[in-house]
Novice: 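Here you go, one structure.
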Amino acid sequence: MTKFSAVRRSLSPRAVTAFAFATALLAMPFAAQAQTLGYAPMQPQGYPQDQTYSQGYANQGYATDEPQAADEDAVLPDRLRRQIVSFDRNEPAGTIVIDTANTYLYYVLGNGRAMRYGVGVGREGFTWAGVQTVSRKAEWPDWHPPAEMIARQPYLPRFVAGGPGNPLGARAMYLGSSEYRIHGTNDPTTIGKFVSSGCIRLTNEDVSDLFSRVTVGTRVVVLPKNAPLMAKGGDPVRKRPAVTTLPSGRQALNVTTSAVN
């Protein structure tokens, strides 16, 4: 008893604290020890504990294109998803053909094939037909609603900077000197519908794919609504009348919000 008391008196308070901390560490699992000492990375907040880091930036909270693409594909019926189809219209490779009636855009690949995309087209009174060329390309374009559109819908903003909330979406291809464009959208549920003021819209994933194929000067053929072009593979080819010219005096930008007419 005398010896134990002597030893206890010989230990300083600091030594007693260090001894207690070391004892507690020995009783903890190794991973917990590492986190306590600040060496082990913690699991990213908001992700399940069994999720690995193999997904890279997505697990670190950075935006990637893949999740958005998956979401866009999920809202499209099979017929509107991007796919290579047979195509027997006499157009050279690199031409864009828009089948307004069936809400398809074809990018001609040649050798009887085309890449087909589902699109949204002009609503009643705003469809058009004609031949144009791509005069300019832009990534994440700004949006300036034209004066005629603002006159119809005065509540519209006068300017929207490019970005995910912009109704022109991720890419835009401008058609000649007109107000018409082929562009993306922040509302993929409008694909396959007659919704715009004349522009042709694709999902952001699809417009980015098309954008990578198209060059300035690409020929764009827009077919009349009453003369659909149907590719082989279930859709018979229909005889179509001659392509008409662009209507004059019509603004063609669009907004995806359903309240906009």
Side-chain angles (χ1 to χ4, degrees), residues 91 94-108 116-153 156 158-160 162 166-188 190-204 206-211 213-229 240-257 260-261:
E91 297 287 354
T95 303
I96 291 174
V97 179
I98 296 169
D99 178 359
T100 304
N102 290 294
T103 63
Y104 290 141
L105 182 152
Y106 296 89
Y107 180 80
V108 182
R116 190 179 75 186
Y117 308 82
V119 296
V121 297
R123 62 187 182 274
E124 188 65 31
F126 287 85
T127 57
W128 59 280
V131 178
Q132 282 286 333
T133 58
V134 173
S135 56
R136 185 164 72 89
K137 299 169 60 180
E139 299 185 16
W140 295 107
D142 296 334
W143 181 48
H144 300 265
E148 185 174 326
M149 179 176 281
I150 291 175
R152 293 195 307 266
Q153 303 155 47
L156 289 176
R158 273 41 178 180
F159 169 79
V160 179
N166 191 304
L168 296 184
R171 303 289 186 271
M173 286 152 277
Y174 297 75
L175 302 183
S177 59
S178 73
E179 295 288 350
Y180 296 105
R181 296 167 186 159
I182 299 170
H183 63 78
T185 178
N186 57 18
D187 185 3
T190 60
I191 301 303
K193 299 177 182 178
F194 296 83
V195 290
S196 78
S197 294
C199 283
I200 310 301
R201 66 175 66 167
L202 299 84
T203 65
N204 282 335
D206 282 354
V207 80
S208 296
D209 180 86
L210 179 65
F211 188 93
R213 302 172 186 272
V214 167
T215 60
V216 172
T218 292
R219 185 169 179 262
V220 179
V221 179
V222 180
L223 302 179
K225 186 178 179 181
N226 62 352
L229 166 75
R240 65 180 186 85
V243 173
T244 59
T245 58
L246 279 171
S248 60
R250 177 148 312 191
Q251 303 294 337
L253 283 174
N254 63 317
V255 179
T256 60
T257 308
V260 176
N261 295 320

Novice: To the nearest 0.5 Å, tell me how far Thr103 OG1 sits from Arg201 CZ.
Specialist: 12.0 Å

Novice: Only counting residues at least two apart or in another chain, list the ones meeting side chain to side chain donor-acceptor pair (under 3.5 Å) with Thr95.
Specialist: none

Novice: First locate atom CG of Asn204, then atom CZ of Phe211, and finally report the distance between them rounded to the nearest 0.5 Å.
Specialist: 12.5 Å

Novice: Heavy atoms, side chains only, cut-off 4.5 Å: are Ile200 and Val121 in contact?
Specialist: yes

Novice: What distance separates Thr203 OG1 from Asn186 CG, expressed to the nearest 0.5 Å?
Specialist: 12.0 Å

Novice: Supply the atom-to-atom distance Ser196 OG to His183 NE2, rounded to the nearest 0.5 angstrom.
Specialist: 6.5 Å

Novice: Could you list the residues that satisfy side chain to side chain donor-acceptor pair (under 3.5 Å) with Arg213, not counting sequence neighbours?
Specialist: Tyr117, Asp209

Novice: Could you check whether any side-chain heavy atom of Gln132 comes within less than 4.5 Å of a side-chain heavy atom of Val222, counting everything from C-beta outward?
Specialist: no

Novice: To the nearest 0.5 Å, tell me how far Ser197 OG sits from Glu179 CD.
Specialist: 11.0 Å

Novice: Between atom SG of Cys199 and atom CH2 of Trp128, what is the distance when rounded to the nearest 0.5 Å?
Specialist: 8.5 Å

Novice: Is a side-chain donor or acceptor of Thr185 paired with a backbone partner of Asp187 at a separation under 3.5 angstrom?
Specialist: yes

Novice: Looking only at atom types and distance, does a side-chain atom of Thr100 sit under 3.5 Å from a main-chain N or O of Leu223, one as donor and one as acceptor?
Specialist: yes

Novice: Considering only distance and modelled atom types, tabulate donor-acceptor pairs under 3.5 Å from the side chains of residues 166-177, sequence neighbours left out.
Specialist:
{"from": "Asn166", "atom 1": "OD1", "to": "Leu168", "atom 2": "N", "distance (Å)": "2.8"}
{"from": "Asn166", "atom 1": "ND2", "to": "Pro141", "atom 2": "O", "distance (Å)": "3.1"}
{"from": "Asn166", "atom 1": "ND2", "to": "Val160", "atom 2": "O", "distance (Å)": "3.0"}
{"from": "Asn166", "atom 1": "ND2", "to": "Ala161", "atom 2": "O", "distance (Å)": "3.0"}
{"from": "Tyr174", "atom 1": "OH", "to": "Arg136", "atom 2": "NH2", "distance (Å)": "3.4"}

